[in-house]
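Below you'll find the structure, written out as structure tokens, and then a few comments.
As the structure is a computational prediction, the values presented were derived from the model and not from experiment.
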Amino acid sequence: ATSLPSLRNPHNRAILLDTSNSAEGLIHMAHTVDTLLELYDTREPITNVTGAWHLQPKNIIYFYYNLPDPQAKRKELAQMFNHIGLRCNVRMEKLERQDSRGMMDWVQAHQDELGGYAIDLTGGSDVMLFSAGVAYASTPCRLYTRTRDGRYIELPSGEAVEAGGGAFT
């Protein structure tokens with residue numbers, strides 16, 4: 001698959017330019033979401049940014065268990081996203097370590113403000129991943145993950161997501 005150039009539109013959405021079908025090119029909306037729900041991973045920091053890089057959300061909410069200074073981490077992530085041209089709001093939400101329903105409860109309580117949202121299943125702990133699955137089963141959203149070979153895909157279709165400049169490896 002050829003990586004397509006990524007453009008930005010005024011609504012903070014990634015757009016892919018596909019020139020393979022015509023001389024003028026066709027513009028297609030990429031996989032976009034208003035809000036990306038991320039499982040914060042302290043072991044593999046790259047997993048904390050791949051979803052945002054590919055989906056270009058307006059809002060990113062990181063769910064975490066134990067961060068020494070979550071607001072400092074929020075500020076660091078927001079500055080990094082701003083530096084690479086992704087204008088988005090970053091928020092941190094604490095979950096209780098063994099609460100498998102925590103993310104679902106949070107999503108249900110905030111669903112009206114999320115807009116079109118997705119859950120990135122890359123990163124986090126096993127309990128966080130299970131909690132994300134419970135949240136997905138209880139509310140309408142899309143799922144994404146990063147594969148071992150660095151591709152970012154939508155689940156369950158397995159369709160590759162090539163926004164934000166292509167593969168993030």
Side-chain angles (χ1 to χ4, degrees), residues 8 11-14 29-148 150-161 163-164 168:
R8 309 280 299 170
H11 303 292
N12 197 33
R13 304 285 189 156
M29 287 305 289
H31 294 253
T32 59
V33 296
D34 294 317
T35 303
L36 180 62
L37 307 180
E38 282 274 355
L39 309 177
Y40 191 84
D41 195 323
T42 57
R43 298 162 300 167
E44 286 189 74
I46 192 73
T47 65
N48 297 318
V49 298
T50 54
W53 176 253
H54 283 83
L55 298 175
Q56 308 276 311
K58 290 188 264 184
N59 304 292
I60 306 170
I61 301 171
Y62 288 94
F63 291 89
Y64 69 94
Y65 286 137
N66 189 22
L67 281 176
D69 190 349
Q71 290 314 309
K73 185 55 68 180
R74 183 204 62 76
K75 185 176 179 182
E76 177 184 311
L77 287 162
Q79 287 173 340
M80 189 262 318
F81 289 134
N82 188 49
H83 181 74
I84 64 171
L86 176 58
R87 307 295 185 256
C88 61
N89 299 310
V90 177
R91 184 167 157 182
M92 307 298 281
E93 289 292 333
K94 184 172 181 158
L95 296 175
E96 296 303 318
R97 182 164 295 280
Q98 299 303 323
D99 183 3
S100 61
R101 295 177 49 96
M103 190 171 179
M104 179 194 71
D105 292 343
W106 188 94
V107 168
Q108 288 178 341
H110 296 86
Q111 194 164 7
D112 290 342
E113 67 190 67
L114 295 176
Y117 71 97
I119 299 173
D120 181 358
L121 298 176
T122 308
S125 69
D126 290 343
V127 174
M128 286 175 88
L129 184 58
F130 181 78
S131 184
V134 171
Y136 170 73
S138 68
T139 60
C141 70
R142 294 184 299 186
L143 292 177
Y144 293 90
T145 193
R146 183 172 177 251
T147 62
R148 292 188 193 277
R151 293 181 311 118
Y152 197 73
I153 62 171
E154 182 173 11
L155 298 173
S157 70
E159 180 183 348
V161 179
F168 196 91

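Closest non-hydrogen pair, Cys141 versus Tyr136, comes out as O-CE1, 3.3 Å. Considering every non-hydrogen atom in both Ile119 and Ala135, the closest pair reads CD1-CB, 4.1 Å. Closest approach of Gly102 and Leu95 over heavy atoms only: C-CD2, 3.7 Å. Summarising the geometry of Val33 relative to Ala118, their closest heavy-atom pair is CG1-CB, 3.5 Å, with the distance given to 0.1 Å.
For the pair Lys73 and Pro70, the minimum side-chain heavy-atom distance is 4.5 Å or more. Side-chain contact between Leu67 and Thr42: present, with at least one pair of heavy atoms (C-beta onward) separated by less than 4.5 Å. No side-chain heavy atom of His83 sits under 4.5 Å from any side-chain heavy atom of Gln79. Ile46 places a side-chain heavy atom less than 4.5 Å from the side chain of Arg146. Using a 4.5 Å heavy-atom threshold, the side chains of Cys88 and Lys58 count as separate.
Other residues, nucleotides and ligands contribute only 12 or fewer heavy atoms inside 6.0 Å of the CD atom of Glu96. Taking a 6.0 Å sphere around CZ of Arg101, one finds it holds 12 or fewer heavy atoms contributed by other residues, nucleotides or ligands.
Ring geometry for Tyr62 versus Phe81: interplanar angle under 30°, hence parallel rather than tilted (30 to 60°).
Atom OG of Ser125 and atom CG of Asn66 lie 11.0 Å apart (nearest 0.5 Å). In this structure, CZ in Phe63 is found 14.0 Å from NZ in Lys94, a value given to the nearest 0.5 Å. Between the CG atom in Asp126 and the OG atom in Ser131 there is a gap of 12.5 Å [rounded to 0.5 Å]. Distance check: Thr139 OG1 to His110 NE2 gives 13.5 Å after rounding to the nearest 0.5 Å. Taking CZ of Arg142 as the reference point, atom CG of Asp120 lies at 12.5 Å (rounded to 0.5 Å). Here Asp99 contributes atom CG and Met104 contributes atom CE; the two are 9.0 Å apart, rounded to the nearest 0.5 Å.
Not one N or O on the side chain of Tyr64 forms a donor-acceptor pair closer than 3.5 Å with the backbone of Asp41.
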Exercise. Using the side-chain contact (heavy atoms from CB on, under 4.5 Å) rule, take Glu159 and Ile153 through it: C-alpha gap first, then chi angles, then the decisive distance, then the call.
Key: CA-CA 5 Å; Glu159 180 183 348; Ile153 62 171; over 6 Å; no
Exercise. Decide side-chain contact (heavy atoms from CB on, under 4.5 Å) for Met103 and Leu39; before the verdict, give the C-alpha distance in whole Å, the side-chain angles of both, and the deciding distance to 0.1 Å.
Key: CA-CA 10 Å; Met103 190 171 179; Leu39 309 177; 3.9 Å; yes
Quiz prompt | Intermediate values then yes/no, side-chain contact (heavy atoms from CB on, under 4.5 Å), Ile60 and Asn89 | solution = CA-CA 6 Å; Ile60 306 170; Asn89 299 310; over 6 Å; no
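With respect to the salt-bridge test (charged N to carboxylate O, under 4.0 angstrom), the residues Arg74 and Glu76 do not qualify.
Between Tyr117 and Asn59, the side chains place no donor N or O within less than 3.5 Å of an acceptor N or O (distance only, hydrogens not considered). No donor-acceptor contact under 3.5 angstrom links the side chains of Tyr144 and Thr122, judged on distance only. Side-chain polar atoms of Arg87 and Asn82 form a donor-acceptor pair below 3.5 angstrom.
Considering Leu114, Thr35, Ile61 in turn, Leu114 is the only one that fulfils the side-chain contact (heavy atoms from CB on, under 4.5 Å) rule with Val107.
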